[in-house]
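Every number for a ligand or one of its atoms is a count from 1 in the order of the listing. Excluded from the calculations below are hydrogen atoms, water molecules and symmetry mates; all remaining heavy atoms, backbone and side chain alike, are included.
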Amino acid sequence: MTVCFTSVEPEPTPEVLLATQHLYERVKRVIPPMEWQFHAPLIQEINQLKRERDAVVLAHNYMTPEIFHCVSDIVGDSLALARKAATTDAKVIVLAGVHFMAETAKLLNPDKIVLIPDLEAGCSLAASITGADVRALRQKYPGVPVVAYVNTSAEVKAETDICCTSGNAVEVVESLGVERVIFLPDQYLAAYVRSQTKVEIIPWAGQCEVHERFTAAEIKDYVSRHADLVVLAHPECPPDVLAVADFVGSTARMVDYVHQRQPKKVLMVTECSMSDNVAVECPNVEFVRPCNLCPHMKRITLAKIRDSLRTLSPAVEIDPAIAEPARRAVERMIAVGK
Ligand code: 13P
Ligand code: SF4
């Protein structure tokens, strides 16, 4: 196969390959040498630009391995990214994830430059509800507190009482000390929370376009074909999928499970780049992979990260009238469990 480089991309010189060799050692289980040739010059340039710009890259667990392992400073689930975004000293934050994550980082760092390498990196959950929808829910259920999954726009967060992530949803709901809550926008996460608490949950009908595609029949089929398969599922999956899983948790909890228990064979019922990222660190675990990709997360590439650091754009901006109440909802969440 002939590898073609576009005229705008740097060539993989022997010097660049040598300088990035230690990074390739990390990811060589999941990135073939041919592919690395494309990544190495961009990785080299991004790491240089980060120093020049005083920037950090925060990467979600669904980023591809060359981003996750080779240019990121902070990695994790939505909760970890929100918590760590609140404590960084860097002047510039590049959010390698989707738009709502970049907005959350901006809410917590109003005076910093927060970059999202592709403004179109959205989320089907965030797109499923507007601020006006939340106001209508409040009218329908007066006095009932509103818990918003962080997978929502700042405009929606501004209308809610407190945010949560998949890693702390039950804890956040119970922290309110009330008998019922409105929980939005993910109906499947809402159903999972309902199964874990006595608090009555009023859901919204949103869903994640990646996790809703998994079916219980598909998971059972994998189990029947692989002896000793451990199934870990994200709570954005439908309830019948969660019912056939051995463990349910946020992306970070799934990663911890594999690190700590080192199962012989594992199936992570979630976006598929995560298995690659964990496989790099757990060479003794075999990963069985149904490959559901998030098209929004996959908009983020090394080239776009490099471009955003070069130009310091696109930067996330939030209307101050929205930012203040939205920030309160995120900060309340961060305070839970402290
Ligand atoms: P986590 O908070 O579990 O990382 O989930 C975020 C997300 O977008 C899952 O699809
Ligand atoms: Fe949104 Fe689902 Fe993609 Fe996560 S995986 S960003 S919830 S569409």
Side-chain angles (χ1 to χ4, degrees), residues 58-64 67-68 72 74-85 95-105 116-129 147-153 156-157 163-172 183-193 196 203-214 232-238 241-242 245 247-259 268-278 290-300 330 333-334 336-337:
L58 270 57
H60 186 260
N61 288 327
Y62 294 162
M63 288 296 104
T64 45
I67 295 175
F68 189 87
S72 304
I74 293 167
V75 295
D77 65 356
S78 309
L79 182 58
L81 295 183
R83 282 192 175 137
K84 290 177 186 164
L95 204 305
V98 289
H99 192 262
F100 75 79
M101 295 175 178
E103 276 193 335
T104 305
I116 174 84
D118 187 328
L119 273 173
E120 301 293 312
C123 168
S124 65
L125 282 168
S128 74
I129 189 161
V147 179
Y149 195 23
V150 283
N151 299 39
T152 43
S153 64
V156 165
K157 288 184 176 77
C163 287
C164 74
T165 71
S166 58
N168 64 8
V170 177
E171 209 184 346
V172 165
F183 188 98
L184 54 88
D186 185 1
Q187 60 173 302
Y188 295 137
L189 181 61
Y192 174 70
V193 172
Q196 303 293 308
W204 181 254
Q207 56 251 1
C208 161
E209 67 187 86
V210 178
H211 291 90
E212 70 168 343
R213 291 209 302 269
F214 291 107
L232 315 181
H234 195 278
E236 288 173 11
C237 295
V241 171
L242 301 187
F247 176 82
V248 176
S250 74
T251 57
R253 294 218 174 133
M254 293 160 93
V255 174
D256 289 347
Y257 185 105
V258 179
H259 275 272
M268 292 179 141
V269 190
T270 192
E271 213 268 355
C272 90
S273 289
M274 202 167 90
S275 291
D276 285 339
N277 292 331
V278 191
C291 203
N292 280 1
L293 287 170
C294 172
H296 311 290
M297 292 277 182
K298 295 294 105 68
R299 282 181 171 274
I300 307 301
V330 176
M333 169 188 82
I334 290 176
V336 170

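Residue, atom and distance of the protein heavy atom nearest to atom 3 (Fe) of ligand 2 are Cys294 SG, 2.4 Å.
Of the options Asn151, Leu81, Asn61, Asp186, the smallest heavy-atom separation from atom 8 (O) of ligand 1 is shown by Asn151.
Cysteines Cys291 and Cys272 place their SG atoms closer than 2.5 Å to one another.
Near His234, the atoms of ligand 1 lying under 4.0 angstrom from a non-hydrogen atom of the residue are 1 (P), 3 (O), 5 (O), 9 (C). Near His211, meaning under 4.0 Å from any of its heavy atoms, are these atoms of ligand 1: 10 (O). Close approach to Asp77 involves these atoms of ligand 1, each under 4.0 Å from a residue heavy atom: 1 (P), 2 (O), 4 (O).
Remark: ligand 1 and Ser78 share an N or O pair separated by less than 3.5 Å (distance only, no angle test). Of the polar atoms of Thr165, none of the N or O atoms is found under 3.5 Å from an N or O of ligand 1, judged by distance alone. Between Ser166 and ligand 1, at least one N/O pair is under 3.5 Å apart.
Ring-plane geometry between Phe214 and His211 is classed as tilted, the angle between the planes lying from 30 to 60 degrees on a 0 to 90 degree scale.
Neither the backbone nor the side chain of Glu271 comes within 4.0 Å of ligand 2, counting heavy atoms alone.
In this structure, Arg253 falls outside the shell of residues with a heavy atom less than 4.0 angstrom from ligand 1.
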